[in-house]
Amino acid sequence: MTGRLGADALRELFLFERLSDDRLAWLAERGEVRSYPAGATVYTVGEPATRLFVLLEGTLSMSVRAGGVEIEMNRTDHRGTYAGAFMAYLDLPIARLYVGSLRAVTGCRFWELPAADFGWAVREWFPLAIHLLQGLAVQGMGTQQTVSTRERLVALGTVTAGLTHELNNPATAAARAAATLHGRVAGLWDELAALTNGELAAGQLATLVDLVRQAIGGRPELPPMSPLQASDREDELGSWLEEHGVAGGWDLTAPLVAAGVDAGRLEQVAASVPAELLPHAVAVIAGTCEAESLLDELAEAAGRISSLIGAAKQYTQMDRSPLQHLDVHDGLESTLTMLGHKLETGIEVVRDYDRSLPKHPAYAGELNQVWTNLIDNAIDAMDGRGVLTVRTGRDGDRVLVEIGDTGPGIPEPVAAHVFEPFYTTKPVGKGTGLGLDICWRIVVQRHGGDLRFTSTPGDTRFQVLLPTGVPPPGKGVTT
């Protein structure tokens, strides 16, 4: 279904309100009104940009494709929102194809103008503006792309460094435990060979095996020991082993004590084997207990690595849709994990969470970028020492997330500019000035929330307020 829109009706659209009557009439002759049913795709990214679309009524959705998934950039019912070939006046490759996709969420009516007519009109009617716009497009987009790329690389470097640091500890522990375990298993084979070559009856071997099982079976239930208690018990076992002629017995005391083996248990071992085989029997028990302990270390290290990978997947939102119902604490915890290496220098993390908060619809990956910027800024402000407070709660019908630090605070002259793009107080090469600007755009423009802060020396707080409903549509954003 198509129709026409008169000059007076075109003047009501903010895009054309300042045009003269003859120019409005020229546009009215060439444009047409077209309707699309709910769910219809108006155009798709990568198609030739042949028409300018101006929304008259209905709700539209603009999206781009990134990382193999479709990401909704704007959903709006604002009359006059324009999309499509809005850069047709530029002789640039970016103007020749649709850079995103446009879909009718509800039934929509658009005023449409061929790209060739729109491009000609802008070039002819506003020649000075064309020169300025073309220069802005070439230089501005290049600058923005360079700076934005650097900002993403800096954030990626921060997260990668944190993940690498956190993975290094369990990986090193696993490698060390595996290497030690190889040696202990080889030693066990030698001791078992000595036992089987000696005068050890089958019944005695069965008794020894049962004692070994008892020793390793009781390990999980042992209460923790202080270093002084462990030292006293090692002295006790060392004396017992010396009295019973076990050479090098002091090397066996640590794994025996860790497994809860005491002198009474060793008396049972001594009673079950010939005296000349006692050193080998004790070595078998000690070696088995230590091997079990090393296996526990390997399992713990593997579990830590698995949990870090899980945190990384949660942080990056791998295999998840962009818009989802989420628990805000998941993103905060995964971000703290990713930045864990920067917290080890002397920063205490205080978590004050309201776990009763409902899940709310949001773009999780983008919110994780907000948490990263705010927490990283707080860490930098404290110069490695202080208290980082992460608090969640309710503010009316909104979810509140507060990131606080005990740094020197934000000076009043700086406070007025913190959300401005390219404004930074960091040394050259360390900051781009886009971190808080990106946070503001994600929270305010993307989620319809609010981002604010208060700051005094020793108490700076950034507060993010997010609606519990679906992020509201934006207005006048183009794709």
Apply side chain to side chain contact (heavy atoms under 4.5 Å, CB included) to Thr454 and Thr460, showing your working. CA-CA 6 Å; Thr454 61; Thr460 296; over 6 Å; no
Query raised in the report: Would Met62 and Thr81 count as a side chain to side chain contact (heavy atoms under 4.5 Å, CB included) if you check the C-alpha gap in whole Å, the side-chain angles of each, and the deciding distance to 0.1 Å?
Result: CA-CA 11 Å; Met62 303 178 189; Thr81 296; 3.4 Å; yes
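Between the Thr106 side chain and the Gly58 main chain, no donor and acceptor come within less than 3.5 Å of each other. When atom types are taken as modelled, the side chain of Thr335 and the backbone of Gly331 share a donor-acceptor pair closer than 3.5 angstrom. Counting only distance, with no hydrogens or angles, the side chain of Thr406 and the backbone of Val387 share a donor-acceptor pair below 3.5 Å. The main-chain N or O of Glu29 is found under 3.5 Å from a side-chain atom of Arg4 such that the two form a donor-acceptor pair. Although no hydrogens or angles enter the test, the distance criterion places a donor-acceptor pair under 3.5 Å between the side chain of Thr392 and the main chain of Asp354. Arg11 contributes a side-chain N or O that, together with a main-chain N or O of Leu19, makes up a donor-acceptor pair within less than 3.5 Å. A donor-acceptor pair under 3.5 Å links the side-chain atoms of Gln229 to the main chain of Ser226, judged by distance alone.
Ring to ring, Trp371 and Phe462 are not that close: their centroids are 6.0 angstrom or more apart. Ring-centre distance between Tyr43 and Phe53: below the 6.0 Å cut-off.
Annotation: cation-pi geometry satisfied between Arg446 and Tyr363 (NZ/CZ under 6.0 angstrom from ring centroid, within 45° of ring axis).
Just one of Tyr89, Phe118, Trp26 meets the ring-ring contact (aromatic ring centres under 6.0 Å, His included) condition when paired with Trp125; it is Trp26.
Here the shortest heavy-atom pairing between Glu72 and Ser61 reads OE2-OG, 2.6 Å. Minimum interatomic distance between Ala381 and Asp405 (heavy atoms only, all atoms of both residues): CB-OD1, 4.2 Å. Taking each heavy atom of Thr468 and Pro361 in turn, the nearest pair found is O-CD, 3.2 Å.
In the model, Ser20 has a side-chain atom that pairs as donor or acceptor with a side-chain atom of Asp22 under 3.5 Å.
Distance check: Arg23 CZ to Glu124 CD gives 9.5 Å after rounding to the nearest 0.5 Å.
Comment: Arg51 engages Glu32 in a salt bridge, judged by a side-chain N to carboxylate O separation of less than 4.0 angstrom. A salt bridge is absent between Arg176 and Glu297: the closest approach of a Lys/Arg side-chain nitrogen to an acidic carboxylate oxygen does not fall below 4.0 angstrom. For the pair Arg461 and Asp459, the salt-bridge criterion is met [side-chain N within less than 4.0 Å of a carboxylate O]. Looking at Asp395 and Arg452, a side-chain N of the basic residue comes within less than 4.0 Å of a carboxylate O on the acidic one, giving a salt bridge.
At a threshold of 4.5 Å between non-hydrogen side-chain atoms, the residues Ser455 and Glu412 do not count as touching.
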